[in-house]
Amino acid sequence: MRTADGGELAGASPLARRVDGEIPMRSERTEMRKRQMPAAQETTSSTPGQPGAGDRGSNTCCFCWCCCCSCSCLTVRNQEEQRPRRPSHELTREDLPTCEESPSPTLEEVNAWAQSFDKVMLTPAGRNAFREFLRTEFSEENMLFWMACEELKKEANKTIIEEKARIIYEDYISILSPKEVSLDSRVREVINRNMVEPSQHIFDDAQLQIYTLMHRDSYPRFMNSALYKDLLQSLAEKSVEA
C-alpha cells in the first residue's frame, strides 16, 4: 500500500501490492475484449452458409450477393407467377410445323441451290438443309416463322386461323419471346392492329421481310458453309460410285 506522498507502507503485503497493480491491467483487458467481440460477431455473421442476421449467403440467387427480396430475377419470377394463366386450347404449338419430312436431296438438286435462294426454299430438302445451317447461327426462328406463316395461309376455318395467329404472334412477334424475329416498327404496328380479327394473311408483310433477311444475310454464308460443301461432296462421291 502507498502513502499520500507516494511512498509504500512497510506493512503492505506482496498480495496487496499484486492486487493493486492488476486492477488497471484487468480493466484494459476487458476493454480489449469488448472491442474484439463486435468484430468477431460481424465476421461470423457474414460467413456464407452460417445462420444469423448478417447471413445473405443462404438467401441469395443468381450468384449475386444481394438480398433476394430486391433481386431483379426474383422480381421477374414474381411477375411471371402473377401473370394470369391463359386457358388451355385444343390447338397447341405442336400443330405448327417444326420439321418437314423429305427424301434425301439429289446431286442435281443440291447443285441447283447455288443458282438462287428460291431454289433452296422451293423443296422440303432445301429448307431442311438451310434450316440446319440457321441452327448453327442461332437464327433458326426465321425459318420456323416462315414455315408457320405458310401453314397459316392454308387454313380456312376462322377459329383455327385465330388460334394459329395467336401462337405465331406469341412465339415470333412478341418482344417477350426468346424466338422473336427481327421486324421493323411499321410491320409490327400493322400486325398489332389486325390481331383483333386476324386473317390467314396477317403476317404476309412480316414473312416477306424475314424471307428477304434470310436471302441477303444467311444464304451467302450457307453457300460457303462446310455443311453445304460436305453435302455436295458426299453426293458427288456417291454419284461416281454408282
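Quick caveat, the model's predicted, so the values are computed rather than measured.
Applying the side chain to side chain donor-acceptor pair (under 3.5 Å) rule to N194 yields no partners; only residues at least two apart in sequence or on another chain are considered. Under the salt bridge (charged side-chain N to carboxylate O under 4.0 Å, His left out) criterion, R188 pairs with E180, not counting sequence neighbours. Taking K158 as the reference, E197 meet the salt bridge (charged side-chain N to carboxylate O under 4.0 Å, His left out) condition, with sequence neighbours excluded. Take N111 and apply the side chain to side chain donor-acceptor pair (under 3.5 Å) test, not counting sequence neighbours, and it matches no residue. Scanning for salt bridge (charged side-chain N to carboxylate O under 4.0 Å, His left out) contacts around D205 gives an empty result, with sequence neighbours left out. In this structure, the side chain to side chain contact (heavy atoms under 4.5 Å, CB included) partners of E141, at least two apart in sequence or on a different chain, are S139, Y172, K179, V181. By the ring-ring contact (aromatic ring centres under 6.0 Å, His included) test, F130 pairs with F117, F222, sequence neighbours left out. A search for side chain to side chain donor-acceptor pair (under 3.5 Å) contacts involving Q207 returns E150, K153, not counting sequence neighbours. Every residue was checked against the side chain to side chain contact (heavy atoms under 4.5 Å, CB included) condition with N224, not counting sequence neighbours, and none meets it.
Using a cut-off of 4.0 Å between Lys/Arg side-chain N and Asp/Glu carboxylate O, E189 and R186 are scored as not salt-bridged. Salt-bridge formation is detected for the pair R166/E163: a Lys NZ or Arg NE/NH1/NH2 atom is positioned less than 4.0 Å from an Asp or Glu carboxylate oxygen.
One finds the CG atom of L144 at 11.0 Å from the CD1 atom of I168 (value rounded to the nearest 0.5 Å). Of the inter-residue distances, the one linking I191 atom CD1 with L183 atom CG reads 6.0 Å to the nearest 0.5 angstrom. Between I160 atom CD1 and Q200 atom CD the span is 12.0 Å, to the nearest 0.5 Å. Residue K238 holds its NZ atom at 12.0 Å from OG1 of T106, rounded to the nearest 0.5 Å. The distance from the CD1 atom of I202 to the NZ atom of K164 is 14.5 Å, given to the nearest 0.5 Å. How far CE of M195 is from CG of N192: 8.5 Å, rounded to the nearest 0.5 Å.
R127 places a side-chain N or O within donor-acceptor distance of the main-chain N or O of M121, the cut-off being under 3.5 Å. In terms of modelled atom types and a separation under 3.5 Å, the side chain of T136 and the main chain of F133 share a donor-acceptor contact.
For L152 against S199, the heavy-atom pair with the smallest separation is CD2-O, 4.1 Å. Minimum interatomic distance between L107 and A236 (heavy atoms only, all atoms of both residues): CD1-N, 3.9 Å.
Legend: salt bridge (Lys or Arg N to Asp or Glu O under 4.0 Å) pairs involving residues 106-121, not counting sequence neighbours: none detected. Annotation: salt bridge (Lys or Arg N to Asp or Glu O under 4.0 Å) contacts involving residues 214-225, sequence neighbours excluded, comprise E137-R221, D217-R221.
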side-chain contact (heavy atoms from CB on, under 4.5 Å) between I173 and F145: does it pass, once the steps are laid out? CA-CA 9 Å; I173 308 299; F145 172 68; 3.9 Å; yes
For residues 226-235, run the donor-acceptor check on the side chains, cut-off 3.5 Å, and write out each pair with its distance to 0.1 Å, sequence neighbours left out.
from	atom 1	to	atom 2	distance (Å)
Y228	OH	V110	O	2.8
Q233	NE2	E237	OE2	3.3

